[in-house]
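As the structure is a computational prediction, the values presented were derived from the model and not from experiment.
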Amino acid sequence: MRLRLTAVFLTLLMSAAHAAPAPQPVEIPLPSGVLHAQLYKPAGAGPFPVVIALHGCGGLGSHSEPVLPRYRDWAERLLKSGNAVLLPDSYGSRELGPQCRVKEMHVKARRERVADIAAARAWLMQQPFVAQDRVSLIGWANGASALLWAVRPQSAGRHLEPDFRAAIAFYPDCRISAGLGWSTRVPTLVLIGADDEVSSPPACRQMVDGARGRSALARIVVYPGADHDFDRAGTPQHAAAAPTDAEARAASQQDVAQWLAR
């Protein structure tokens, strides 16, 4: 009996030792109010590379957890690679819930969310654990659309030195950007599934192709057979689509790691 209890106790200890790290809540000043965010930081003093991670229209967290599993999975993956990860909560900070089915969104990707990105970066520049020349962006859906606006040359702040090191946009809505002649001032990678019926793979390809010759490096990867949200951890998939989406998810993890390591 004692041996069994000892074994159970050791198992619990090992589980606790390998438990996922809890994020630290932080408050970032905005011109009008406060931007709440969650910070995952490696142990030690740093300086560390940092990834600002931008949630989609469903928001960052829920009533029961500050960071939804899909973003927590990515944050923990980036953390294991030695990155600190800052996740601003653009909706919760303004006392808003999910915005996916809201026709008239009060928080615009091209306006408030770009301002949130700038505020997050300004806050990071004041933190001693930050490698200031290694701050990157990653975003999903609406957050990826905000990212596309934030990296445009027209969006550069007066004191944006050093600039973002890299940017990665998962399935953004590229239609407006493609029509406006989008370009980027930092290396930007767009990742999207070929069967995405929410975003537009042809518009994203048009946007990236149109930026060549007048932009910083911009690339697009279109994953065959993959749908919207293909990288989401633990999402039930149709049996026929599961192998393809699993491959796309694994491939995107490699693509993200390689792009950030540039």
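To the nearest 0.5 Å, atom CG of residue L39 and atom CG of residue L86 are 6.0 Å apart. In this structure, CD1 in I168 is found 8.0 Å from CH2 in W259, a value given to the nearest 0.5 Å. If you take OG on S155 and CD1 on I117, they are separated by 9.0 Å, rounding to the nearest 0.5 Å.
Without hydrogens or angle criteria, Q206 side chain to P202 main chain gives no donor-acceptor distance under 3.5 Å. Under the 3.5 Å distance criterion, the side-chain polar atoms of S93 are matched with a main-chain donor or acceptor of H36. Remark: side-chain polar atoms of S81 are not paired, donor with acceptor, to backbone N or O of L79 under 3.5 angstrom. Under the 3.5 Å distance criterion, the side-chain polar atoms of D229 are left unmatched by any main-chain donor or acceptor of R232. Between the side chain of R94 and the backbone N or O of S90, at least one donor-acceptor pair lies under 3.5 Å. Panel note: side chain T188, backbone A167; no donor-acceptor pair is recorded below 3.5 Å. Side chain of W182 to backbone of L148: a donor-acceptor contact under 3.5 angstrom is found. Here the side chain of Q99 pairs a donor or acceptor atom with the backbone of G97 at under 3.5 angstrom. Panel note: side chain R214, backbone G210; a donor-acceptor pair is recorded below 3.5 Å. The backbone N or O of P172 sits less than 3.5 Å from a side-chain atom of S199, completing a donor-acceptor pair.
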Legend entry - Evaluation steps, side chain to side chain donor-acceptor pair (under 3.5 Å), between D231 and Y223: CA-CA 11 Å; D231 67 304; Y223 301 102; over 6 Å; no
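Between R165 and D133 there is no salt bridge, since no side-chain N of the basic residue sits under 4.0 Å from a carboxylate O of the acidic one.
G82 approaches P42 most closely through the heavy-atom pair O-CG, 3.9 Å. Minimum interatomic distance between T184 and A218 (heavy atoms only, all atoms of both residues): CG2-CB, 4.2 Å. Here the shortest heavy-atom pairing between A131 and P49 reads CB-N, 4.1 Å. Taking all atoms of both residues into account, the shortest heavy-atom contact from V135 to Q132 is CG2-O, 4.1 Å.
Geometrically, R113 engages Y91 in a cation-pi contact defined by less than 6.0 Å to the ring centre and at most 45° from the axis. Judged by the 6.0 Å distance and 45° axis criteria, R121 is not positioned over the aromatic ring of W123. A cation-pi contact, defined as under 6.0 Å to the ring centre and within 45° of the axis, links K41 to F129.
Between W74 and F170, the ring centre distance stays below 6.0 Å.
Between V190 and V221 the shortest side-chain heavy-atom distance does not fall below 4.5 Å. Side-chain atoms of Q38 and V26, non-hydrogen and from C-beta on, never get closer than 4.5 Å to each other. Contact of the L147 side chain with the L54 side chain is registered, since non-hydrogen atoms from C-beta on lie closer than 4.5 Å. Contact check for L35 versus D89: no side-chain heavy atoms found under the 4.5 Å cut-off.
Under a cut-off of 6.0 angstrom, the local environment of CD1 in I176 is sparse, with at most 12 non-hydrogen atoms contributed by other residues, nucleotides or ligands. More than 12 heavy-atom neighbours from other residues, nucleotides or ligands sit within 6.0 angstrom of CD on Q154.
The side chain to side chain donor-acceptor pair (under 3.5 Å) test applied to R175 returns D173, not counting sequence neighbours. Residues satisfying the salt bridge (charged side-chain N to carboxylate O under 4.0 Å, His left out) criterion with E65, sequence neighbours excluded, are R72. Not counting sequence neighbours, the partners of D73 by the salt bridge (charged side-chain N to carboxylate O under 4.0 Å, His left out) test are R249.
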